[in-house]
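Before any comments, here is the structure.
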Amino acid sequence: MDTIEEELKNHSQQQKLTQFSQLALVETELTSLLNNCVMLVAESLQIESCQIFKQLSDCDDLILQTGVNRAKGRTNYIFIPPDDTIYKPNEINDGISVVIHGKKQPFGVLKVKFNNQENLLNDNFYFLQSIANILAIAIERQQTEEALKKTEERYSLAVLVARATNDVLWDWDLVTNQVCWNPSVETLFGYTIEQIQPDIVWWRERIHPEERQRIAADMRTVIDSGKQFWSNEYRFLRRDGTYIYIFDRGYVVHNQKGKPVRMIGAMMDMSDRKRSQAELQRQNLRSQLFANITLKIRQSLQIDEILQTSVTEVQKLLQADRVLILQLHKNGLFEAVKEAVVPGLPIILGQNITHAYFGENDITKYHQGEISSITNIEQAQIKPDYIKFLQRFGVKAHLVVPIFIKNQIWGLLIAHQCLHPRQWTNWEIGLLRQLADQISIALAQSLILEQETHQRQELIRSNEELQQFAFIASHDLQEPLRKIQTFSDRLQLTCGDALNEQGRDYLARMHNATQRMQTLIEDLLTLSRVTTKAQPFIMVNLAQITQEVLSDLEVRIQHTQGHIEVGVLPIIKADPLQMRQLFQNLIGNALKFHRPNEPPIVKIYSQFLNNPSDNSAVTEEVCQIIVEDNGIGFSEKYLDRIFNVFQRLHSRSEYEGTGIGLAICRKITERHQGSITAQSYPGKGSKFIIKLPINSHL
C-alpha cells in the first residue's frame, strides 16, 4: 500500500512539474510567475508556508519577493506581500531551503516550512529542486527578454535621435560582419547607398590611416571584454576626399550565452566643435606668445635693449624673413636702428630712408595711425622709387605699423617677407599693432626713467656743490669774522674810554652781530657735516650719550633750575657723534623754550615697536625715543615748518638761536633711516618723537 501511495505521489508531483514548466514558458510577468510557483508548491505538498527570497546583488543578504502561509485550522493559503526587510541566510533555515541559481549569481532561495518533520523526505527535496531549476530558467529567460527589450528601446531611441540630429546610425552584425547604415550617411559623408559596401571593411578603410589601428583595436577590446558601451573620436573620409571629425559610440548586444552578436551605434559630426577647440587653442597660444614677448620687452628699461628684443621676438613669432624698427628723426629721415634678419639677406640696419621713398600719402597715413599691409609689392600701388628700394633688399611683402610716444609718431615697426609674397592675416596685423603699442609704452617708460635719472644726477651734483659751497663759504667767512672780533676787542681795550656812549653802543652791537654770525656759521657747518663728515655706524649706548649731553648742559640746567628725568634708553647701531648732536639739540631746546618763572621739566624715555612699513618676512625692530617738556609749546599747524632750515616761531629778542637745530635733527634721523615728528599745544609743552631702527643697514 505504501508503495502505491508513493507512486501516486510521485506521479502527482511529475504532473505538477509539467504544469509549472508549461506555465513558465507562457508567463511573461515575473511577479505572477513567482506567485503561481509558491501556491503550486504549497498545494502540492500541503505545507505550512512557502516563500521565495531574492538575493541582493552586492551581498548574500535576502529580501522577501512573495510567499503563501496557512494559518492553523484553515485549509486555504494567504499570500504574504513583498517585504524590504533584510534577512541573513541563517535566519531562514527552519525548513527546506533550495537555491534558485542564475547565470552570474543565484537569483535567490525557495523556502518551504512543513507541518511536521515526517514530511522532510528526499522526494520532497527533489521536487523542490526541480521547481527551483524550472524557476531559474524562466527567470533567466525573462531577464534576457527584458534586456533585449531595453536594447530595442535604445535602438529605437537612437533612430529618433539620428533622424533629429542627422547623426549616422549603423547596425553591425558581429556574426556576419555585415553593416547597415541609415540615410544620414549620404548627408554627412556624401556617399550614396549604392556606393557603400555593407561590410565592416568599408567603414574601417575610411578611418584616417593615423587612427585606423587605434580605433579598430579599441572597439575589439570592448567587444571581447564583455562590456556593452564603446565610444571614441576619429577622422572619417568623405566622398570629396576631405576628412571630418567624428564622435562615434556603440552598444554591444549579447545573446543568452553572453556572446556578443550585434553592435549598434551613431556617428556625430564634431567638425564645428573641433574647429572651435582648435581656434581656442590658437588664441590661447597667441595670447601666451604675446604675453611672453610683452614681458621680455618690458623687462628692460633701456631703449636699446627694448628695441633689440622687439625685433628678435617678433621675427621669431611671425616667422618673417626680416623685422626692423625705423626711428623718425627731427630732420624727417627714418633711420633703421634695429633689425633681425635671416642669414643670407641684405642688411638694412643703419640705412636712412627719406619721405621721398614712402610718399606723402603713406607718411600722412602713418601719422594718423594707419597700417600698411602689402601682399606683393610688385602689384601694389606704391611709388616706383620705394619699390626699387625694397627690391634692393629682396622684399616681396611687408607689414608696417607706426609706433607712437605721447601721441607723436616715434617710428615704424616693419615685417618683411623676402622669399615669396605673403598674405598677412588679421591675427598677424592685430598682433603687430599690439606689440607696437607695447613698444610705445616701454619707450615712454624708458624716457621717463632717463629723465628721472638725469634729474637725480643733477640733484645729487647740485647738493654736493651746495654742501661744498656751504663748507668752503663757512670757512672763508670765519677768517674775516675773526678779524672783526679781534679788532673790536682791541678797540674796546685801547679806545673804550675815549668813546662816548653812542660809540660804545655801536661797538657792542658789532660784537653781538659777530657772535651771531659765528653761531650761524657753526650751525651751517654742522648741518653740512651730517652727510659730508659722517662717521661709520657702531653700537651706541643712548643712555651714556644722554648723560654726556646732560654734563655739557650742566650750567644751563642750573641756570634754569631745570629737572631732567631719564628713563631706560636702548643700545642701537648709529653714528655716536650725530646721536650726541641729536640729543643735545632736543634737550637744549627743551631747556631754552621754558615758560617764564617756571622751571623746565624734561623727560627722556623710549619704547620698542615693530616697523609697520617693513614688508620683509622678518619685521625690523624699531625704537621710539621721546623727549617731552613742559615748555611754551607751539601750534601743530607749524609742524612742517619747524624742521626746515632758518625757520623760527619766535623772534631773536625772545629766544636765541639760528633756526637750524631741528633741521639738523631731521637730517640726522633720515640718515639713520628713521623719522622725527612732534606733538604740541601752545602753553602745554611739547613732545618730540624719534623713531630709529635698532640695527640700521648702513
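Note that these values count all heavy atoms, side chains included, but never hydrogens, waters or copies made by symmetry.
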Report task. Decide yes or no on side chain to side chain donor-acceptor pair (under 3.5 Å) for Gln417 and Asp321, but give the supporting numbers first. Result -> CA-CA 5 Å; Gln417 198 67 34; Asp321 295 329; 3.2 Å; yes
Query raised in the report: Can the positive tip of Arg262 be found less than 6.0 Å from the middle of the six-membered ring of Tyr251, inside 45° of the ring normal?
Result: no
**Report entry** Candidate pair Arg235 and Glu210, rule salt bridge (Lys or Arg N to Asp or Glu O under 4.0 Å), full reasoning
**Finding:** CA-CA 9 Å; Arg235 287 169 287 176; Glu210 296 177 359; 3.1 Å; yes
Report task. For residues 414-443, pull every pair meeting salt bridge (charged side-chain N to carboxylate O under 4.0 Å, His left out), keeping only residues two or more places apart or in separate chains. Result -> Arg422-Glu428
Query raised in the report: Can you list every pair that meets salt bridge (charged side-chain N to carboxylate O under 4.0 Å, His left out) and has a residue in residues 220-231, with sequence neighbours left out?
Result: Arg220-Asp224
Once you round to the nearest 0.5 Å, how far does [atom1] of [X] lie from [atom2] of [Y]?
X      : Y      : atom1 : atom2 : answer
Trp424 : Ile429 : CH2   : CD1   : 9.0 Å
Asp248 : Ile207 : CG    : CD1   : 8.0 Å
Cys37  : Ile52  : SG    : CD1   : 4.0 Å
Ser130 : Leu135 : OG    : CG    : 12.0 Å
Leu237 : Ile246 : CG    : CD1   : 11.5 Å
Thr85  : Glu91  : OG1   : CD    : 10.0 Å

**Report entry** side-chain contact (heavy atoms from CB on, under 4.5 Å) evaluation trace for Val261 with Asp173
**Finding:** CA-CA 6 Å; Val261 295; Asp173 189 325; 5.9 Å; no
**Report entry** Stepwise side chain to side chain donor-acceptor pair (under 3.5 Å) test for Asp218 and Asn232
**Finding:** CA-CA 8 Å; Asp218 182 51; Asn232 217 315; 2.8 Å; yes
Report task. For the pair Gln308 and Thr312, evaluate side chain to side chain donor-acceptor pair (under 3.5 Å) and give the outcome as yes or no after the intermediate values. Result -> CA-CA 6 Å; Gln308 187 59 57; Thr312 302; 3.2 Å; yes
Could you tell me whether [X] atom [atom1] has more than 12 heavy atoms of other residues or ligands within 6.0 Å of it?
X      : atom1 : result
Arg273 : CZ    : no
Asp84  : CG    : no
Gln213 : CD    : no
Lys54  : NZ    : no

**Report entry** Residues Arg322 and Glu339 bridged, charged N to O under 4.0 Å
**Finding:** yes
Query raised in the report: Should Lys16 and Glu43 count as an ion pair when the cut-off is N to O under 4.0 Å?
Result: no
Which atom pair, heavy atoms only, marks the closest approach of [X] to [Y]?
X      : Y      : answer
Leu188 : Met267 : CD2-O, 4.2 Å
Pro89  : Leu62  : CA-CD1, 4.3 Å
Val168 : Ser184 : CG2-O, 3.6 Å
Asn182 : Asp167 : ND2-O, 3.5 Å
Ala320 : Val342 : O-CG1, 4.2 Å
Val222 : Phe229 : CG1-O, 3.4 Å

Assign the ring pair [X] / [Y] to parallel, tilted or perpendicular, where the plane angle (0 to 90°) is split at 30° and 60°.
X      : Y      : value
His208 : Tyr243 : tilted
Tyr191 : Phe236 : perpendicular
Trp202 : Trp181 : perpendicular

Report task. Decide side-chain contact (heavy atoms from CB on, under 4.5 Å) for Gln142 and Glu29; before the verdict, give the C-alpha distance in whole Å, the side-chain angles of both, and the deciding distance to 0.1 Å. Result -> CA-CA 8 Å; Gln142 289 199 7; Glu29 209 279 314; 5.8 Å; no
Requested in this report: For Asp60, check salt bridge (Lys or Arg N to Asp or Glu O under 4.0 Å) against everything at least two apart and list the hits.
Outcome: none
